[in-house]
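Heavy-atom basis, side chains included; hydrogens, waters and symmetry copies ignored. Naming convention: chains lettered A, B, ... in sequence-line order (proteins, then strands); numbering from 1 in each chain.
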Amino acid sequence: MTLRLTNTLTRRVEEFTPIEPGKVSIYCCGVTVYDLCHLGHARSYIAWDVLRRHLRWSGYAVTFVQNYTDIDDKILNRASEEGSSMDAVSERNIEAFVADMGRLNILPADRMPRATRSLDAIRTLISELEAKGAAYSADGDVYFAVMKHAGYGKLSGRDLEQQQDNAAGRVATAEEARKQHPFDFALWKGAKPGETSFPSPWGQGRPGWHIECSAMVREELGDTIDIHLGGADLVFPHHENEIAQSEAATGKELAHYWLHNGMVNVGGQKMSKSLGNFTTIRALLDSGVSPMTLRLFTLQAHYRKPLDFTAEALEAAATGWKGLNAALGLAAVGTANPEWPAALADARTRFAAAMDDDLNTSAALAVLFELAKPLRGLANRIERGDDSASDELQQDGHQQQLALLLELAEVVGLKHEAQASADGLDDAAIEAQIEARKAAKAAKDFAAADRIRDELKAQGIELIDKPGGLTEWLRS
RNA sequence: GGCGGCAUGGCCAAGUGGUAAGGCAGAGGAUUGCAAAUCCUUUACCCCCAGUUCGAAUCUGGGUGCCGCCUCCA
């Protein structure tokens with residue numbers, strides 16, 4: 001079976017055929033680095049990470065490029081608010097981005113170009129568009145002329161004729177007045193005195209948002225790439241404009257496949273900075289939600305659908321992850337026999353088929369849970385000190401099952417998490433409490449025993465009674 | 001107003017013509033001083049109406065509700 005993907009360009013699920021057999025070039029729209037990333041970014045980049053891992057698992061050599069937008073009004077505003085510079089704000093948020101993505105087990109892109117370091121490519125592209133009559137300058141700005149480009153609107157299904165009336169109402173600003181058509185957009189913005197700016201043939205200024213992606217795609221991957229990624233909120237105008245610019249300049253199709261992920265919603269509404277209803281990745285992870293729980297949470301829904309972020313759903317994911325995590329934490333011994341027995345071969349096939357079906361991670365995860373189930377039972381028995389369970393785990397069948405589980409979990413980027421590191425009470429204090437509880441139990445003073453357990457639980461320490469009077473504890 | 005998407009059990013969510021995956025929660029049982037964990041068992045006719053079909057959650061038409069984009073946004 002071959003990979004099938006929903007292509008926004010055609011609004012259909014299509015079989016994926018790369019330009020060059022065995023190779024895939026991907027460009028993913030990155031973040032504007034004016035602030036920390038929130039769960040919307042996490043959802044998006046986890047989805048694309050899974051696409052990338054799946055392609056790799058399927059045998060493709062993947063080149064994955066993701067940009068940083070480090071020239072932007074919001075960054076400049078932030079810099080002036082805190083009395084620092086655009087570079088300082090960008091640098092800080094890029095570091096945070098790398099750290100957050102790392103925690104979520106998202107593979108770093110092969111190359112991460114920045115707008116500030118791609119200015120030559122940007123200026124060259126604008127010049128070409130100007131030479132071809134696709135762009136015009138007005139008062140230090142340079143605009144792309146949408147009416148000159150035949151295919152404008154093909155991605156988002158917009159028709160310029162029909163849209164003009166609606167747009168007319170907002171032709172109020174000075175910028176709108178300079179435009180020949182309301183949908184024309186800035187390729188280069190002239191700088192006002194005192195603004196951070198860069199030199200260009202059109203005077204000091206800075207590039208518009210859309211042109212940087214066109215320039216970086218071309219510089220890093222060429223005129224035509226296989227897959228272009230981004231959030232559904234980028235379809236219009238960002239990606240539409242990117243297509244117009246690139247295709248007007250090169251005369252070639254920019255990308256064969258356009259994939260868009262659905263939004264993360266809060267209370268039925270899109271999570272966004274402007275609405276202020278966002279939770280940053282690090283705030284969530286620092287609150288005790290494990291990275292893999294967040295990953296599982298996002299992968300339980302299809303990447304194109306909206307995903308409602310609720311405490312309840314997150315809790316469900318956390319509990320679900322506990323089970324998978326227990327199985328993934330088992331010790332693999334040596335190399336398992338790669339000749340899968342029929343049942344495992346079948347599971348592997350079903351997993352691959354689900355992933356090939358437009359990244360049906362929800363169905364793929366069901367296979368993971370199925371594989372994990374018996375292993376989870378073993379893990380539990382081993383934890384109780386059941387030696388026969390340890391022996392069973394060594395057997396070829398279980399080792400194979402574990403090997404397959406680990407292999408497939410890797411494809412969706414799930415990996416075992418060790419117990420959370422200690423904080424709060426030190427071990428000796430906990431052990432002392434456990435001894436006290438043991439004494440209470442021996443004296444049949446169960447009320448006292450329960451009180452100790454409850455107190456520890458309130459401090460995040462969970463006690464688990466084992467056979468033989470042993471009590472283990474976990475930080476939860 | 002224009003473009004696009006979605007509606008499946010208490011919650012999340014797969015499933016594009018053949019009789020409803022999976023996770024969470026709940027219930028019953030085993031185990032336990034009680035818990036926790038674990039194991040076993042168990043819980044749906046798929047928003048409404050009409051139609052196509054031997055047969056529809058799945059196709060068609062109509063309706064209702066919700067969301068995204070049209071301004072920066074993953």
Within residues 369-378 of chain A, the residues having a heavy atom closer than 4.0 Å to RNA chain B are A/F369, A/K373, A/R376
Here the residues of residues 270-281 of chain A within 4.0 Å heavy-atom distance, strictly under, of RNA chain B are A/K270, A/M271, A/S272
Checklist entry - Of A/A313 and A/K322, whose closest RNA chain B nucleotide lies nearer the 5' terminus? => result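 The residue whose closest nucleotide sits nearer the 5' end is A/A313.
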Mind checking [X] for me? I need base, sugar-phosphate or nothing, with any heavy atom below 4.0 Å counting as a touch.
X      : value
A/A363 : base
A/L234 : sugar-phosphate
A/G268 : sugar-phosphate
A/F297 : nothing
A/V367 : nothing
A/H238 : nothing
A/G30  : sugar-phosphate

On a whole-Å scale, what distance lies between the [atom1] atoms belonging to [N] and [M]?
N     : M     : atom1 : answer
B/A13 : B/U71 : C1'   : 34 Å
B/C11 : B/G26 : P     : 15 Å
B/U52 : B/G68 : C1'   : 33 Å
B/U8  : B/C45 : P     : 14 Å
B/A7  : B/A57 : C1'   : 11 Å
B/C59 : B/C72 : P     : 36 Å
B/C12 : B/U31 : P     : 36 Å
B/G5  : B/G22 : P     : 30 Å

Could you let me know what [N] is paired to, Watson-Crick or G-U wobble, both distances under 3.5 Å, or none if it's on its own?
N     : result
B/G26 : B/U42
B/G1  : B/C70
B/C54 : B/G18

Does one side chain, of [X] or [Y], offer a donor that lies under 3.5 Å from an acceptor on the other?
X      : Y      : answer
A/D356 : A/H54  : yes
A/E212 : A/T69  : yes
A/T10  : A/E14  : yes
A/S214 : A/E242 : no
A/T32  : A/D72  : no
A/D308 : A/T310 : no

With side chain to side chain donor-acceptor pair (under 3.5 Å) as the test, would you mind laying out the steps for A/N93 and A/Y68 before giving the verdict? CA-CA 10 Å; A/N93 286 306; A/Y68 289 116; over 6 Å; no
Donor-acceptor pair (no angle test) under 3.5 Å: [X] side chain, [N] base:
X      : N     : result
A/T319 : B/A25 : no
A/R453 : B/A36 : no
A/K305 : B/C6  : no

ask   = Considering the options A/K189, A/K192, A/R178, which one meets the salt bridge (Lys or Arg N to Asp or Glu O under 4.0 Å) requirement together with A/D141?
value =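 The residue from A/K189, A/K192, A/R178 that satisfies salt bridge (Lys or Arg N to Asp or Glu O under 4.0 Å) with A/D141 turns out to be A/R178.
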Distance check needed: [N] [atom2] versus [X] [atom1], whole Å only.
X      : N     : atom1 : atom2 : answer
A/E312 : B/G26 : CD    : P     : 11 Å
A/E240 : B/U71 : CD    : C1'   : 16 Å
A/D308 : B/C6  : CG    : P     : 17 Å

Hey, does the side chain of A/N360 come within less than 4.0 Å of B/G15's phosphate (OP1/OP2), counting only N and O?
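For A/N360, the contact criterion (side-chain N or O under 4.0 Å from OP1 or OP2 of B/G15) is met.
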- Query: Does a sphere of radius 6.0 Å around CZ in A/R12 hold more than 12 heavy atoms from other residues, nucleotides or ligands, not counting ones at 6.0 Å or beyond?
  - Reply: no
Problem set entry | side chain to side chain donor-acceptor pair (under 3.5 Å) between A/H260 and A/H239, worked out | CA-CA 10 Å; A/H260 294 97; A/H239 288 161; 2.8 Å; yes
ask   = When you look at A/D70 and A/T116, which way does the side chain to side chain donor-acceptor pair (under 3.5 Å) test go after all the steps?
value = CA-CA 6 Å; A/D70 61 352; A/T116 50; 2.5 Å; yes
